[in-house]
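What you see is a predicted model, and the numbers here were worked out from it, not measured in a lab. Both ligands and their constituent atoms are indexed starting at 1 by order of listing.
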Amino acid sequence: MYIEKQDKEVAEAIAGEAERQAEGLELIPSENYVSKAVLEALGSVLTNKYSEGYPGARYYGGQLYTDVVENIARDRAKQLFNCSFANVQPLSGAPANVAMYFALLQPGDTVLGMDLSHGGHLTHGHPVTYLTKIFNFVRYKMKDANTGEIDYDEMLEVAKREKPKIVLAGYSAYSRELDYEKFVAIAREVGALAVMDIAHIAGLIAGKAAKNPFDYGFDLMTTTTHKTLRGPRGGMILTRESEEIAKKIDKSIFPGFQGGPHMHQIAGKAVAFGEALHPSFQTYAAQILKNAKAMEKVFREANIRMLGGGTSNHLILADVFGSLGVTGKEAETVLDEVGITLNKNAIADDTRKPMDPSGIRFGTPAITTRKFGEKECTRVAELMIETLKNKDDAAVKGRIREEIRSLALAFPIPESFV
Ligand code: DSN
């Protein structure tokens with residue numbers, strides 16, 4: 001590789017990261033491994049090209065091949081999610097959400113979204129974001145953190161009082177399915193658009209292991225492309241049927257918010273969407289859920305409290321502080337030591353601080369890509385709990401580190417999925 005000859009320092013860091021990924025287990029539920037074909041698209045000459053505008057209507061010349069690539073990405077996205085319009089230019093999930101708000105709202109308008117500590121995302125209206133200086137965000141929460149059920153009655157009450165222009169579904173730390181019919185009914189009742197941020201579960205929807213919100217009447221969906229969907233780091237906005245809304249989205253992305261699209265990234269999306277259209281992707285999506293259920297069983301048997309009472313998707317949020325007296329930060333650190341990567345996470349109405357919360361969040365998309373089945377996932381969950389219970393015992397941790405390394409090396413990261 002040229003980089004090894006030209007820039008040893010960066011090459012070594014990349015090689016180190018490749019080794020870390022190969023020898024450890026990735027349980028961060030928003031991470032995954034892309035195929036070599038996606039990596040090749042990302043590393044292609046398309047990174048050299050400026051393409052402001054959209055296929056057939058660009059501001060610069062030389063768009064013969066960029067148009068081909070962007071049209072393939074758009075067509076495959078529409079096919080995967082059964083919708084009429086796709087904008088594949090958002091650079092990632094947060095920019096997609098920002099552009100969506102500016103497309104659909106006026107300053108001062110209201111959005112009804114999920115509270116961050118109950119599973120929502122920063123861009124759904126957390127006070128630390130600039131978005132809250134421009135738009136008014138009001139929240140809904142879970143009625144009971146032990147079942148995960150959303151308080152739909154309160155949500156309707158808030159919607160009637162606050163008159164949001166957008167009713168926003170979606171989450172980054174919530175383990176149950178939402179009642180899409182209720183979301184759409186509440187949106188319709190107050191004349192709002194129903195929007196879902198499917199960043200975490202896009203691959204489950206594409207792989208038909210989860211319901212498609214468009215089938216329930218949602219108007220738009222925003223997403224990342226690099227989580228369960230197993231594509232390159234990036235974003236996307238999908239519009240079910242309204243050409244008027246789709247045009248607003250296009251204008252908001254460019255020229256409203258972004259400059260030249262990243263065509264190498266769009267090529268990576270096109271390749272990944274092609275992989276997701278392959279029948280094997282449905283097997284993958286179904287296995288993500290089976291594996292999460294296997295881990296849930298082990299945590300339940302160990303009497304560790306799980307938010308939402310368990311999982312119906314790819315992730316689990318466990319209250320390790322409440323159940324084992326280990327803080328989220330301690331758990332993240334000690335699991336990292338044995339080769340398991342996950343993240344500390346606030347639990348609903350957490351009394352601890354965000355940098356050292358009560359919970360951990362983990363999931364199965366990446367290990368399922370490595371072809372782990374329920375047997376291996378059960379073992380990983382057992383080893384996680386053993387590590388947490390022996391967090392200060394170097395001998396136990398050393399033994400577990402070796403077992404994790406052997407397990408990881410026995411399931412190499414695949415180079416191709418089709
Ligand atoms: N960072 C993403 C996640 O881990 O869920 C959300 O932006």
In ligand 1, the atoms that come under 4.0 Å of a heavy atom of S172 are 5 (O)

Please report whether ligand 1 has a polar contact with R361, defined as an N or O pair separated by less than 3.5 Å (distance criterion only).
yes

Chi angles and distances behind the salt bridge (Lys or Arg N to Asp or Glu O under 4.0 Å) call for E332, K329
CA-CA 5 Å; E332 180 187 287; K329 187 177 170 187; over 6 Å; no

Which pairs with one or both residues in residues 332-365 pass ring-ring contact (aromatic ring centres under 6.0 Å, His included), sequence neighbours excluded?
F299-F362

Are R188 and D219 close enough for a salt bridge, meaning some N to O gap below 4.0 Å?
yes

Starting from atom 3 (C) of ligand 1, what is the nearest protein heavy atom, named by residue and atom, and what distance separates them?
S30 OG, 3.3 Å

Any side-chain donor paired with an acceptor under 3.5 Å for N291 and Q287?
yes

Between F273 and F281 (judged by ring centroids, cut-off 6.0 Å), do the two rings come close enough to count as a pair?
no

among protein heavy atoms, the one nearest atom 2 (C) of ligand 1 is K227 CE, 3.9 Å

Considering only non-hydrogen protein atoms, determine which one is nearest to atom 5 (O) of ligand 1 and report residue, atom name and distance to 0.1 Å.
H200 NE2, 2.6 Å

Show which atoms of ligand 1 fall inside a sub-4.0 Å distance from at least one heavy-atom site of H121.
6 (C), 7 (O)

